[in-house]
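Notes for the one structure printed next.
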Amino acid sequence: MQLLSNSLTDQAPIGEKYAFAVKDADTHVALSSNINPHLAWKDAPSQTRSFAVVCHDPDCPSAGDDVNQEDREVPADLPRVDFYHWTLFDIPAGQSEILEGEHSSEVTAHGKNGPTAPQGLRHGKNDYTGWFAGDADMEGEYFGYDGPCPPWNDSIVHRYVFTVYALDVEQLPTEGDLSGAALVGLIRANALDSACITVSYTLNPRLAK
């Protein structure tokens, strides 16, 4: 199985227009275009009954003590955890492409609606749901795609893994928990094959140089 993209190049930085935030000289970060990238796949198993797409960052800090703090950096040796940016599932077996900007074309304060997505697809919640909890300007349920926004003071460049899964079910048997972690567990349990593209992103000016 192969995953292709007109928007992404494997093992290269992701473009700023696909990110949730960009560097800003005065405020460290500013909101970006937040456009979902183009994805296309081929050579799926013949018994495939649906597809799912997942984007996750495996480099999220496991503790927030140093995150986005002036005159400090998140240490490179801090243990890292997954941060889910996108889960899209119940993609029909006959579909083999997601268009750029089809599911996200801006940052939506308080989150995009879900789980219903265009053309009968379904979105899970991404982890900005938890990240913005308690923020009056941004808190809400964040469904669908929201792109990279690593800590602006992280000492490592973050990776973003876009994966397409071929599944043996037409609809994922969800039971209420639509978090990325829960959905990925279900997706992997029903996966016949998968393919991925890994890109990178940083908001740390020192690393960007």
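Because the structure is a prediction, the values reported are computed rather than measured.
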Does [X] share a hydrophobic cluster with [Y], counting links as ILVMFWY side-chain heavy atoms below 4.5 Å and allowing steps through other members?
{"X": "L186", "Y": "V169", "value": "yes"}
{"X": "F89", "Y": "V54", "value": "yes"}
{"X": "V107", "Y": "V29", "value": "no"}
{"X": "L167", "Y": "I91", "value": "no"}
{"X": "L203", "Y": "I156", "value": "no"}

[X] (side chain) donor-acceptor with [Y] (main chain) under 3.5 angstrom:
{"X": "T174", "Y": "G176", "value": "no"}
{"X": "N36", "Y": "L99", "value": "yes"}
{"X": "S32", "Y": "V22", "value": "no"}
{"X": "E73", "Y": "N153", "value": "no"}

Pair K112-N34, side-chain contact (heavy atoms from CB on, under 4.5 Å): steps then yes or no: CA-CA 12 Å; K112 290 184 284 293; N34 201 39; 3.9 Å; yes
Stepwise side-chain contact (heavy atoms from CB on, under 4.5 Å) test for E16 and Y201: CA-CA 9 Å; E16 289 185 338; Y201 196 67; 3.9 Å; yes
When rounded to the nearest 0.5 angstrom, what distance separates [atom1] in [X] from [atom2] in [Y]?
{"X": "I197", "Y": "Q11", "atom1": "CD1", "atom2": "CD", "value": "10.0 Å"}
{"X": "L39", "Y": "E100", "atom1": "CG", "atom2": "CD", "value": "10.0 Å"}
{"X": "S5", "Y": "E97", "atom1": "OG", "atom2": "CD", "value": "9.5 Å"}
{"X": "D193", "Y": "T48", "atom1": "CG", "atom2": "OG1", "value": "7.5 Å"}
{"X": "N126", "Y": "E141", "atom1": "CG", "atom2": "CD", "value": "11.0 Å"}
{"X": "L172", "Y": "S50", "atom1": "CG", "atom2": "OG", "value": "7.0 Å"}

I'd like to check [X] versus [Y] (side-chain heavy atoms, cut-off strictly below 4.5 Å). Are they in contact?
{"X": "H28", "Y": "N68", "result": "no"}
{"X": "Q47", "Y": "L192", "result": "yes"}
{"X": "L183", "Y": "L178", "result": "yes"}
{"X": "P150", "Y": "Y160", "result": "yes"}

Candidates T202, D57, N204 - the one meeting side-chain hydrogen bond (donor to acceptor under 3.5 Å, both in side chains) with H158: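 That would be D57; it is the only one of T202, D57, N204 passing the side-chain hydrogen bond (donor to acceptor under 3.5 Å, both in side chains) with H158.
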W41 vs I98, side-chain contact (heavy atoms from CB on, under 4.5 Å): CA-CA, chis, key distance, verdict: CA-CA 9 Å; W41 50 90; I98 293 169; 3.9 Å; yes
Side chain to side chain contact (heavy atoms under 4.5 Å, CB included) partners for T163, two or more places apart: V161, Y165, S194, C196
What heavy-atom pair brings [X] and [Y] nearest, and what distance separates the two atoms?
{"X": "D90", "Y": "Q171", "answer": "OD1-CA, 3.2 Å"}
{"X": "P61", "Y": "L78", "answer": "CB-CD2, 3.6 Å"}
{"X": "P92", "Y": "L121", "answer": "CD-CD1, 4.0 Å"}
{"X": "I35", "Y": "S105", "answer": "CG1-CA, 4.1 Å"}
{"X": "A109", "Y": "M138", "answer": "CB-SD, 4.0 Å"}
{"X": "S155", "Y": "A76", "answer": "OG-N, 2.9 Å"}

Exceeds 12 heavy-atom contacts within 6.0 angstrom, atom CG of D43: yes
Could you list the donor-acceptor pairs under 3.5 angstrom formed between side-chain atoms of residues 81-88 and any protein atom two or more places apart in sequence or on another chain?
residue : atom : partner : partner atom : Å
H85     : ND1  : D146    : O            : 2.8
H85     : ND1  : G147    : O            : 3.2
W86     : NE1  : H123    : NE2          : 3.4
T87     : OG1  : G124    : N            : 3.3

Derivation of the salt bridge (Lys or Arg N to Asp or Glu O under 4.0 Å) call for D59 and R80: CA-CA 5 Å; D59 298 314; R80 304 294 169 143; over 6 Å; no
ring-ring contact (aromatic ring centres under 6.0 Å, His included) against F162, all qualifying residues, sequence neighbours excluded: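 For F162 there are no ring-ring contact (aromatic ring centres under 6.0 Å, His included) partners, ignoring immediate neighbours.
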Option from Y145, F20, F143 for which ring pair (Phe, Tyr, Trp, His ring centres under 6.0 Å) with Y128 holds: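 So the option named by the test is F20.
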side-chain contact (heavy atoms from CB on, under 4.5 Å) between E106 and T108, intermediate numbers included: CA-CA 6 Å; E106 62 183 353; T108 304; 4.1 Å; yes
